[in-house]
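Working notes, structure below.
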Protein chains: 2
Amino acid sequence: MATAPDPEDLTARARIRDAAMRHFADHGFAKATIRGIAETAGVSSGLVRHHFGSKQALRDACDEWLVRAVRRLNDQATADMRAGQISNYVAAARASMLPHSRYLTRSLAEGGAGALFDEMVGMTTEWLADYVRANPEASEVDPRHWAAVITAMALGVPILFPHLSRVLDVDLTTSEGDLLLSRTLLHVYSNPLLTRQEAARLRAGLEEQERGEPR
Amino acid sequence: MATAPDPEDLTARARIRDAAMRHFADHGFAKATIRGIAETAGVSSGLVRHHFGSKQALRDACDEWLVRAVRRLNDQATADMRAGQISNYVAAARASMLPHSRYLTRSLAEGGAGALFDEMVGMTTEWLADYVRANPEASEVDPRHWAAVITAMALGVPILFPHLSRVLDVDLTTSEGDLLLSRTLLHVYSNPLLTRQEAARLRAGLEEQERGEPR
DNA sequence: CAGCGGACTACACAACCGTGTAGCGTCCTG
DNA sequence: CAGGACGCTACACGGTTGTGTAGTCCGCTG
């Protein structure tokens with residue numbers, strides 16, 4: 001049940017990467033320092049440069065490693081789901097992201113981890129394809145556009161965890177907060193804010209405005 | 001139709017604030033420099049300190065000013081809406097945020113602008129109160145929790161603008177991108193991903209899991 | 001065993017940043 | 001008109017940061 005082994009994970013290089021991911025997640029890329037990362041990893045600052053070349057290259061390496069880790073976890077979670085050990089797709093996706101969600105959200109908000117965002121959109125697109133097969137009436141937009149917007153909205157929650165925790169008055173990283181959040185998300189995902197009629201009316205308004213004000 | 005005047009806005013202090021908001025939005029708080037801000041504002045770096053005391057205080061002043069600006073724009077947009085000049089609540093809210101959305105999203109993603117997030121949640125809570133009056137069946141969660149999650153999700157879109165623009169292959173800051181995004185958002189808001197039955201089943205699973213694994 | 005490459009460290013450097021201080025001009029006021 | 005408050009600048013300081021360089025230790029190989 002533990003994270004996959006990866007024999008490399010005991011090397012200094014791996015310890016530096018892990019420390020870097022924690023520092024980037026905690027302080028952001030700009031405020032994190034190579035010396036602080038080296039200290040956490042228990043090595044000299046020169047070794048960081050020796051292994052990764054530069055701070056930016058270290059960041060790239062973290063992103064790249066994250067892509068591989070998430071892909072691996074996702075494959076495993078998908079297999080578990082097919083074997084009936086995980087009840088649904090959302091739980092599988094969350095299980096994939098959770099261990100590194102803090103780094104992931106930081107990096108995404110700072111404009112990085114583009115490959116991972118694309119991958120998440122791809123996964124959501126596939127999921128939506130199944131959804132549209134079951135609900136053919138909901139196919140008025142490009143599934144990939146739809147998936148991209150859904151992905152961005154879903155990521156807004158973990159990105160704004162501190163704000164949400166404050167407003168909800170619960171630490172969302174605890175199991176209590178997770179339960180409250182899950183319940184609320186189920187409510188959000190099952191209660192449309194607009195009826196199809198309202199949406200059609202607003203869409204008509206959009207297109208009228210487009211024709212009226214082409215400039 | 002132009003932004004409200006504010007006689008102060010011609011002073012060097014105001015120019016510094018405007019420059020700071022642009023720099024913070026463009027480079028993030030940590031990477032933005034007082035010297036760069038001063039240069040953009042056309043003043044010496046010492047004057048920045050003279051007016052605001054410290055970099056953090058300058059940031060606080062930007063957040064505070066933004067709260068007032070958004071509040072003012074929102075009041076005006078609400079009045080316009082009541083006068084029938086703006087067709088809906090979402091358009092009014094967007095009109096309030098748009099001029100400063102880049103700074104706002106940066107600050108939010110970095111954990112700042114808490115007062116503004118709370119205010120947005122409050123506005124959404126009020127809006128949801130009207131919604132629940134019309135749809136009484138959707139009142140199984142605390143409206144404030146619901147509003148907070150919706151707000152966070154809605155903010156995920158502008159926070160991840162760069163990623164979304166890349167995936168959708170359109171610059172979302174242009175009117176063309178805005179139209180595509182608006183259409184997609186209408187689709188998202190009017191198409192629930194879960195039926196009430198599915199949500200109830202998943203919710204039952206959650207609570208069973210809670211009882212089964214209290215630790 | 002010689003030697004060679006890679007992991008690793010210690011140290012130095014140049015740049016930059018936030019902050020502090022001293023001082024100049026100007027406008028307002030009593 | 002004296003004088004002080006205020007807007008504003010110039011300059012210096014200490015600290016930190018990313019990066020560069022030289023050198024040590026160690027294990028492997030021929």
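Convention: sequence-line order gives letters A, B, ...; per-chain numbering from 1.
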* To do: Report the distance from atom CD1 of A:Ile37 to atom P of D:dT17, rounded to the nearest whole Å.
  => 11 Å
* To do: Please tell me which of the listed nucleotides, C:dG18, D:dC8, C:dC8, lies nearest to the side chain of B:Ala12?
  => D:dC8
* Asked: Nearest of C:dC17, D:dG7, D:dT19 to any side-chain atom of B:Thr33?
  -> C:dC17
* When all nucleic acid strands are considered with a 4.0 Å heavy-atom cut-off, which category describes B:Ala32: base, sugar-phosphate, or nothing? -> sugar-phosphate
* To do: Fit a plane to each ring of A:Trp127 and A:Tyr131, take the angle between them on a 0 to 90° scale, and name the class: parallel (under 30°), tilted (30 to 60°) or perpendicular (over 60°).
  => parallel
* Return the 5'-most residue of the pair A:Arg35, A:His51 with respect to DNA chain C, ranking by each residue's nearest nucleotide. => A:His51
* Pair B:Arg203 + B:Glu207: basic N to acidic O under 4.0 Å -> no
* Is the B:Tyr103 to B:Trp65 ring centre distance short of 6.0 Å? -> no
* Run the salt-bridge test on B:Arg35 and B:Glu39 with the 4.0 Å N-O cut-off and return the result as yes or no. => no
* **Spacing between A:Leu58 atom CG and D:dT19 atom C1', to the nearest angstrom** => 14 Å
* To do: Give the rounded distance in Å between these two atoms: CZ of B:Phe29 and C1' of C:dG18.
  => 10 Å
* Asked: B:Ile34 has an atom CD1; how far is it from atom P of C:dG20, in whole Å?
  -> 10 Å
* Asked: Rounded to whole angstroms, how far apart are CG on A:Leu47 and C1' on D:dT19?
  -> 15 Å
* Any side-chain N or O of A:His50 less than 4.0 Å from the OP1 or OP2 oxygen of C:dA7? -> yes
* Asked: How would you label the contact of B:Ala41 with the nucleic acid (heavy atoms, under 4.0 Å): base, sugar-phosphate, or nothing?
  -> nothing
* Asked: Between A:Arg17 (CZ) and C:dA7 (C1'), how many Å, whole number?
  -> 17 Å
* Return the value, rounded to whole Å, for the distance between atom NZ of A:Lys31 and atom P of D:dG18. => 13 Å
* Atom-pair distance (CD1 on B:Ile16; P on D:dC8), nearest Å -> 7 Å
* According to a strict under-4.0 Å criterion, is B:Arg49 in side-chain N/O contact with OP1 or OP2 of C:dG20? -> yes
* Does a side-chain N-to-carboxylate-O contact under 4.0 Å join B:Arg59 and B:Glu110? -> yes
